[in-house]
Chemist: 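Pasting a structure here, questions to come.
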Amino acid sequence: MNTTPTDNLNSAQKEAVSHGKGPMLVLAGAGSGKTKIITERIAHLVGTENIAPRNILAVTFTNKAANEMKGRINGLIGNLTRSLWIGTFHSVCLRILKREITNLEGFGRDFTIYDDGDQIKLIKQCMAELDISDRTLTPRSIRSKIDGAKNKGLGPEDFKADAYEETVSKVYDLYEKELRKANALDFSDLLHITVRLFNEKPDVLKRYQTLFQYILVDEYQDTNPVQYKIVELLSKKHKNLFVVGDDNQSIYGWRGADITNILDFEKDFPDTRIIKLERNYRSTKTILEASNKLISNNKHRHEKDLWSENVQGDPISYYLARNEKDEAKYVGAQIQLEAAKEEFTYKSIAIFYRTNTQSRQIEEELLYRSIPYRIVGGIGFYQRAEVKDVLAYLRVIANSQDEMSLRRIINVPARGIGKGTIERLEKIAAKNGVLLFDALGLSARDNTIPKGTAVKLERFYKLITGLISFSENNGIGELIDRVLQKTGYLDILEKEPERRENVGELFNIAAEFEKEGSKEDNPERDESGTTELNEFLDRVSLASDLDTYNDKTDQVALMTLHSAKGLEFPVTFIIGIEENLLPHFNSIREGEIEEERRLLYVGLTRAKEKIYLTSSSRRLVFGKEENPTPSRFLLEIPEEFITAQVHQGDFNRASGSRAKKSNLPSKAPVQQSSSNGKSYKAGQQIEHKKFGLGTIRNVEGSGDSAKVTVHFARYGTKKIIASYLEKK
DNA sequence: GGGGCTAAGCTTTTT
DNA sequence: GCTTAGCCCC
């Protein structure tokens, strides 16, 4: 424990790790040892400065990062790690709220956490109740308004500028009331209510200010205003705030992240020391130089240039595919080539894309070639209907106020309680001033309910209350078993093996959780007085598919560029480098090109040795054929770092997806034959003095006088005489 | 009340 | 092209 682990650090890293008191901003470029800095610093604080682990708070961006960090720190300081506060903003706030939320009026301790889906459903319900059927106001758009407001600490009363805002305000207001009634918090509430707690209860704030002597924040560039507020409040007493980030990797602006948090850090926190980590240990020189050039097109950033002493490495490969199928084929073929090499295995390879839908074609191809793969993120395990159903039962058992979950399961499996009956139940609840769940118990004595239906309701009510008492004396695994049997859900699963497997997996997760909980005495549960079931549901609510990703099994990893942040792979593919996809259509429209550029930057800098980029000349968007052009970002990567290969062949013929080698920046394809060595074919990359790089769509005639239809990345489609074109 | 069909909307990214 | 929500018929 007393080992000084600074031997393997460079001087800038050492300076950061052993920084004393006061605020510090570490601008850590990609691959510069960011995680290492934080883990070593925590070990340093505990081991050398003798700070008690419980007085250290470390905030990460994902649960996975938190777990990884715990693992690494554990290797340095052993089981002292257990009492550190490490987690995402959401999980740390949850932990605080579990202990303290009862200090706020109207909040109960065993609250349920509503995820995105629950949120949308509740908003819809509120809109229906308020009779809002405006086409321009979708539940989604209202959700983003509400989330945005909570991220900035605004309430319903802050929307009154115009009629539109008035409507948002009404929905927001009712939505909040419904949440309180259900004893539920949404994702944003976890942060928002924590700030409210700190503002309204100074003594509570003071306790945590005193507790957290040292605060460390990873991925600081992606913090939003509430998160900033939390950090600001908590660090006010000791002022030992240590943040690490890279403004070039800020990619969560759409979720309210404010890049000025990192750009203005030294203004916000006086006497800040700044350290730049610019030496990259991950990538080849080629990859770094290409990435540097790309990102230098952004205006809003700290000046920072990564350098490396690694080898120059291979050029980046670019392939222009004929269509998505061809793109996938190319990726599959290259993976087989790479994986055949001695130095690489499947797990050293990753495929990144901008949108989740892009994984489909790739999946098909990998299946066809029997290449093992794993999709990280996307429609996750916890999103599956059967998993949500079982969890909804558990949630109702843990918190019978949770109306959203009750509505979900009241007729699953079908037990004759339909829409009409639920409406009558609502009336009973309103009339008696009780919750929907309690109305179930009153239904037998209510004359608005037909006798037969009342029996069904009574039976369901008894079922749940029976399960509630069962849960008091039994573990979660047993409870899940019991739920499946007593509710008849097992019969649904009988016929669907895939669903059965998923529920089985949930059972395993519960068993694992119980084992973990019993292994160590659990101080947290005692302090907050929560139950094991509640704790399990909390954990599950914050869990994401990304967390379970590990690189132990030999599989190719598929994920979005967003999910790729923080990871590294020897070989990476980034597909769909096209206008309207990367940069994405919506971002172009909203003028958020810089964030899109950072997204590609994140993707490029994940690679250690080899990068493959692809774009396609055809793509199905919403089931319609589009002819995308290569991304403008491609032109920002200097030609010297790229070897391009363009699919050659008839665009209209389905077969024969042969590809010929060519050099995008320099040489003409060898195979071409023409009087002057200049013949053109659809699909080819060319360059025009004024319009820049483009792709040939169509050729009429031959030789220099041919009329060529070209699609340019920046100027759209033009018809041009061949002699004005340069073959690339 | 339940099940099956059609139409509309959808996809940016996630704690 | 795929999924969900709402409608209609049994």
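The chains referred to below are lettered A, B, ... by the order of the sequence lines, with proteins before strands, and numbering in each begins at 1. A quick note: this is a predicted structure, and the numbers were derived from the prediction, not measured.
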Chemist: Do A:Lys388 and A:Tyr382 form a cation-pi contact, if we require the NZ or CZ to be under 6.0 Å from the six-membered ring centre and within 45 degrees of the ring's axis?
Modeler: no
Chemist: Rounded to the nearest Å, what distance is computed from the CD1 atom of residue A:Ile259 to the C1' atom of nucleotide B:dT13?
Modeler: 16 Å
Chemist: Mind checking A:Arg140 for me? I need base, sugar-phosphate or nothing, with any heavy atom below 4.0 Å counting as a touch.
Modeler: sugar-phosphate
Chemist: Just how far, in rounded Å, is P of B:dT15 from CD of A:Gln119?
Modeler: 15 Å
Chemist: Output one line per pair: protein atom, nucleotide atom from nucleotides 7-10 of chain C, and distance, for all N/O pairs under 3.5 Å.
Modeler:
none

Chemist: Between A:Arg415 and A:Glu596, name the one whose nearest nucleotide on DNA chain B is closer to the 5' end.
Modeler: A:Arg415
Chemist: Heavy atoms from C-beta onward define the side chain here; which of B:dT15, B:dG1, B:dT11 lies closest to that of A:Thr421?
Modeler: B:dG1
Chemist: Which is true for A:Lys456 with a 4.0 Å heavy-atom rule: it touches a base, it touches only sugar-phosphate, or it touches nothing?
Modeler: nothing
Chemist: Checking salt bridge (charged side-chain N to carboxylate O under 4.0 Å, His left out) against A:Arg143, which of A:Asp115, A:Asp116, A:Asp186 comes through?
Modeler: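 Among A:Asp115, A:Asp116, A:Asp186, the one meeting salt bridge (charged side-chain N to carboxylate O under 4.0 Å, His left out) with A:Arg143 is A:Asp116.
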Chemist: If the cut-off is 4.0 Å, is A:Ser563 near the phosphate of B:dT14, judged by side-chain N/O to OP1 or OP2?
Modeler: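 Answer yes for this pair, as a side-chain N or O of A:Ser563 is under 4.0 Å from OP1 or OP2.
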Chemist: Determine the interatomic distance between C1' on C:dA5 and the same-named atom on B:dT12; round to the nearest Å.
Modeler: 23 Å
Chemist: Go through C:dC2, B:dT11, B:dT15 for me and flag the one nearest to the A:Phe622 side chain.
Modeler: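 Among the listed nucleotides, the one closest to the side chain of A:Phe622 is B:dT11.
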Chemist: Determine whether a donor-acceptor pair (one donor, one acceptor, N or O, separation below 3.5 Å) exists between the side chain of A:Trp254 and the base of B:dT12.
Modeler: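 No such pair is found, so the answer is no.
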Chemist: What does A:Leu620 touch in the nucleic acid at a heavy-atom separation under 4.0 angstrom: a base, only the sugar-phosphate, or nothing?
Modeler: sugar-phosphate
Chemist: Just how far, in rounded Å, is C1' of B:dT15 from CD1 of A:Ile230?
Modeler: 12 Å
Chemist: Return the nearest nucleotide to the side chain of A:Asn586; candidates are B:dG2, B:dT13, B:dT12.
Modeler: B:dT12
Chemist: Can you tell me which nucleotide in B:dT15, B:dT13, B:dG2 comes closest to the side chain of A:Asn356?
Modeler: B:dT13
Chemist: By nearest nucleotide on DNA chain B, pick out whichever of A:Ala543 and A:Lys419 is the more 5' one.
Modeler: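 Closest to the 5' end, via its nearest nucleotide, is A:Lys419.
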Chemist: Can you confirm if the NZ or CZ of A:Lys329 lies within 45° of the ring axis of A:Tyr368 and under 6.0 Å from the centre of its six-membered ring?
Modeler: no
Chemist: Consider the side chain of A:Asp116, meaning its heavy atoms from C-beta on, and name the nucleotide among B:dT14, B:dT13, B:dT11 that approaches it most closely.
Modeler: B:dT14
Chemist: NA contact type, A:Tyr252, heavy-atom cut-off 4.0 Å: base, sugar-phosphate, or nothing?
Modeler: sugar-phosphate
Chemist: When you measure from the side chain of A:Ser617 to the backbone N and O of A:Pro628, does any donor-acceptor pair fall under 3.5 Å?
Modeler: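 Not confirmed, A:Ser617 side chain does not pair with A:Pro628 backbone.
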Chemist: Run the ring-centre check on A:Tyr353 versus A:Phe573 and record whether the distance is less than 6.0 Å.
Modeler: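 No: the rings miss the under 6.0 Å criterion.
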Chemist: Just checking A:Thr560: base, sugar-phosphate only, or nothing, at a heavy-atom cut-off of under 4.0 Å?
Modeler: sugar-phosphate
Chemist: I'd like to know if A:Arg395 and A:Asp118 make a salt bridge, using a cut-off of under 4.0 Å between side-chain N and carboxylate O.
Modeler: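 Judged by the 4.0 Å cut-off on N to carboxylate O distance, A:Arg395 and A:Asp118 do form a salt bridge.
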Chemist: Considering every strand and a 4.0 Å limit on heavy-atom distances, what is the contact class for A:Asn411: base, sugar-phosphate, or nothing?
Modeler: sugar-phosphate
Chemist: Counting side-chain heavy atoms from CB outward, which of B:dT11, B:dT14, B:dT12 is closest to A:Ser587?
Modeler: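 Of the options given, the side chain of A:Ser587 lies nearest B:dT12.
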Chemist: Of all the choices, B:dT15, B:dT12, C:dC2, which nucleotide is nearest to the side chain of A:His90 once you look at every atom?
Modeler: B:dT15
Chemist: Just the rounded figure in Å: distance from C1' of B:dT15 to CZ of A:Phe381.
Modeler: 19 Å
Chemist: Could you check whether A:Gly418 gets within reach of a base, just the sugar-phosphate, or nothing at all, counting any heavy atom under 4.0 Å?
Modeler: sugar-phosphate
Chemist: Is any side-chain N or O of A:Lys64 closer than 4.0 Å to OP1 or OP2 of B:dT15?
Modeler: no
Chemist: I need the minimum non-hydrogen distance between A:Ile417 and A:Ile410, along with the two atoms involved.
Modeler: CD1-O, 3.8 Å
Chemist: When the distance from NZ of A:Lys624 to P of C:dC2 is rounded to whole Å, what number comes out?
Modeler: 17 Å
Chemist: Would you indicate what A:Phe585 reaches in the nucleic acid, counting non-hydrogen atoms under 4.0 angstrom: base, sugar-phosphate, or nothing?
Modeler: nothing
Chemist: Check this for me, if you would: do A:Glu426 and A:Arg407 make a salt bridge, where the nitrogen-to-carboxylate-oxygen distance has to be below 4.0 angstrom?
Modeler: yes
Chemist: Which whole-number value in Å describes the distance from A:Arg143 CZ to B:dT13 P?
Modeler: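 Distance check: A:Arg143 CZ to B:dT13 P gives 12 Å.
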Chemist: Give me the one residue out of A:Glu578, A:Glu579, A:Glu625 that meets salt bridge (charged side-chain N to carboxylate O under 4.0 Å, His left out) with A:Arg619.
Modeler: A:Glu578
Chemist: Using the aromatic ring of A:His562 (for Trp, its six-membered ring), decide whether it stacks on the base of B:dT13 within the limits of 5.5 Å and 30°.
Modeler: no
Chemist: Reckon A:Arg619 touches a base, only the sugar-phosphate, or nothing at all at heavy-atom distances under 4.0 Å?
Modeler: nothing
Chemist: Does the aromatic ring of A:Phe187 sit over the six-membered base ring of B:dT15, closer than 5.5 Å centre to centre and tilted less than 30°?
Modeler: yes
